[in-house]
Amino acid sequence: VVAQQEKSLVSAALARELGRGGQVFYIHNRVNTIEKTAEEIRSLAPGARVAVAHGQMRGSELEGIMGLFIEGKIDVLVCTTIIESGIDIPNANTMIIERADMFGLAELHQLRGRVGRGSAQSYCVLVSGNRNEQTRKRLKALCATTDGFKIAEEDLALRGPGDFLGSRQHGLP
């Protein structure tokens, strides 16, 4: 799902997942405002056990929080892309990615691979305030398939290859 940043949408996604006993990853990729975002999530999901995880935390603290999430003692993990690989939590069935337009399609594809590892239906909600049609097309391309190769082809078609020898990461050479 691609959606505008609306508290009602986030609240509904949280309620749906927590109501069926699942867990949620909420991706907020800015360490300096992650605690504020966690407070907002707590207000949208009263009673939910919410924790924060990011790469600037001490290793032992991060390990402890991840252990609690794996054990199901945390309902919503507000985190950075630190969870992008190596995490297998079958009860985490919903992922909400804030400012999804700021990520590449490959990274979004990798992130959404963290949910849907159990038997329950999984959801990945891409939230973006960007109204640019090109950006919306790019995000919708991710929703159309789970095939990583097709996503890469679509990203290339939409954004171009960039400079092979320069610093531009998109656009025609």
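Values in this document were obtained by computation on a predicted structure and should not be read as measured data. Computed over heavy atoms, backbone and side chain alike; hydrogens, waters and symmetry mates excluded.
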*Stepwise side-chain contact (heavy atoms from CB on, under 4.5 Å) test for M95 and S122*: CA-CA 8 Å; M95 176 176 286; S122 64; over 6 Å; no

Extract all donor-acceptor atom pairs below 3.5 Å that involve side chains of residues 8-16 and protein atoms in other chains or at least two apart in sequence.
none

*With rounding to the nearest 0.5 Å, note down the distance linking NE2 in H28 to OG1 in T81.*
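OG1 of T81 is found 12.0 Å from NE2 of H28.
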
Beyond-backbone contact of [X] with [Y], side-chain heavy atoms, under 4.5 angstrom:
X: M57; Y: I65; result: yes
X: D101; Y: L126; result: no
X: I27; Y: I83; result: yes

Between the main-chain N or O of [Y] and the side-chain N or O of [X], is there a donor-acceptor pair closer than 3.5 Å?
X: E98; Y: N29; value: no
X: T135; Y: R131; value: no
X: Q110; Y: E84; value: yes
X: N93; Y: N91; value: yes

Mind checking side chain to side chain contact (heavy atoms under 4.5 Å, CB included) for [X] and listing every partner two or more places apart, or none if nothing turns up?
X: D88; value: P90, R117
X: I70; value: I89
X: E153; value: F149, K150

Shortest non-hydrogen contact from [X] toward [Y]:
X: A53; Y: I34; result: O-CD1, 4.0 Å
X: A38; Y: V52; result: CB-CG2, 3.5 Å
X: I97; Y: C124; result: CD1-SG, 3.9 Å
X: R138; Y: L105; result: O-CD2, 3.2 Å
X: V76; Y: A48; result: CG2-CB, 4.5 Å
X: I74; Y: Q23; result: O-NE2, 2.7 Å

*Test V115 against V24 for side-chain contact (heavy atoms from CB on, under 4.5 Å), laying out the working first.*
CA-CA 9 Å; V115 293; V24 177; over 6 Å; no

*asked:* I'd like to check the side chain to side chain donor-acceptor pair (under 3.5 Å) partners of T80; sequence neighbours left out, ordered by chain and number.
replied: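 Testing T80 for side chain to side chain donor-acceptor pair (under 3.5 Å), a comparison that skips the adjacent residues, returns none.
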
*Taking side chain to side chain donor-acceptor pair (under 3.5 Å) as the test, write out the residues that go with E71, two or more places apart.*
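Checked E71 against side chain to side chain donor-acceptor pair (under 3.5 Å); matches are K73.
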
*Pairs meeting criterion salt bridge (Lys or Arg N to Asp or Glu O under 4.0 Å) with involvement of residues 17-28, two or more places apart*: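 For residues 17-28, and leaving out neighbouring residues, the salt bridge (Lys or Arg N to Asp or Glu O under 4.0 Å) pairs sorted by first residue read E17-R20.
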
*asked:* Considering only residues two or more places apart or on different chains, which pairs with a residue in residues 105-115 satisfy salt bridge (Lys or Arg N to Asp or Glu O under 4.0 Å)?
replied: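 Salt bridge (Lys or Arg N to Asp or Glu O under 4.0 Å) check on residues 105-115 returns no pairs.
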
*With sequence neighbours excluded, residues passing salt bridge (Lys or Arg N to Asp or Glu O under 4.0 Å) with E39*: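 For E39, the residues satisfying salt bridge (Lys or Arg N to Asp or Glu O under 4.0 Å) (neighbours in sequence not counted) are R42.
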
_Residue list, salt bridge (Lys or Arg N to Asp or Glu O under 4.0 Å) with D75, at least two apart or on another chain_ =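 Listed in chain order: R49.
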
_side-chain contact (heavy atoms from CB on, under 4.5 Å) for E63 and R58? Distances and angles first, verdict last._
CA-CA 9 Å; E63 189 176 306; R58 288 189 338 265; over 6 Å; no

*Evaluate whether atom CD of Q121 has more than 12 neighbouring non-hydrogen atoms of other residues, nucleotides or ligands under 6.0 angstrom away.*
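Yes, CD of Q121 has more than 12 neighbouring heavy atoms, counting only those of other groups under 6.0 Å.
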
*Begin with the C-alpha distance, continue with both residues' side-chain angles, and end with the deciding distance and a verdict on side-chain contact (heavy atoms from CB on, under 4.5 Å) for K7 and L44.*
CA-CA 8 Å; K7 288 183 180 183; L44 293 174; 4.0 Å; yes

*Got a salt bridge between K137 and E133, using NZ or NE/NH1/NH2 to carboxylate O under 4.0 Å?*
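No, K137 and E133 are not salt-bridged.
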
*Residue pairs fulfilling ring pair (Phe, Tyr, Trp, His ring centres under 6.0 Å) with at least one residue in residues 35-69, sequence neighbours excluded*: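 Passing the test, one end in residues 35-69: F25-F69.
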
*Which residue pairs pass the ring pair (Phe, Tyr, Trp, His ring centres under 6.0 Å) test when at least one of the two sits in residues 81-103, sequence neighbours left out?*
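Not a single pair qualifies under ring pair (Phe, Tyr, Trp, His ring centres under 6.0 Å).
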
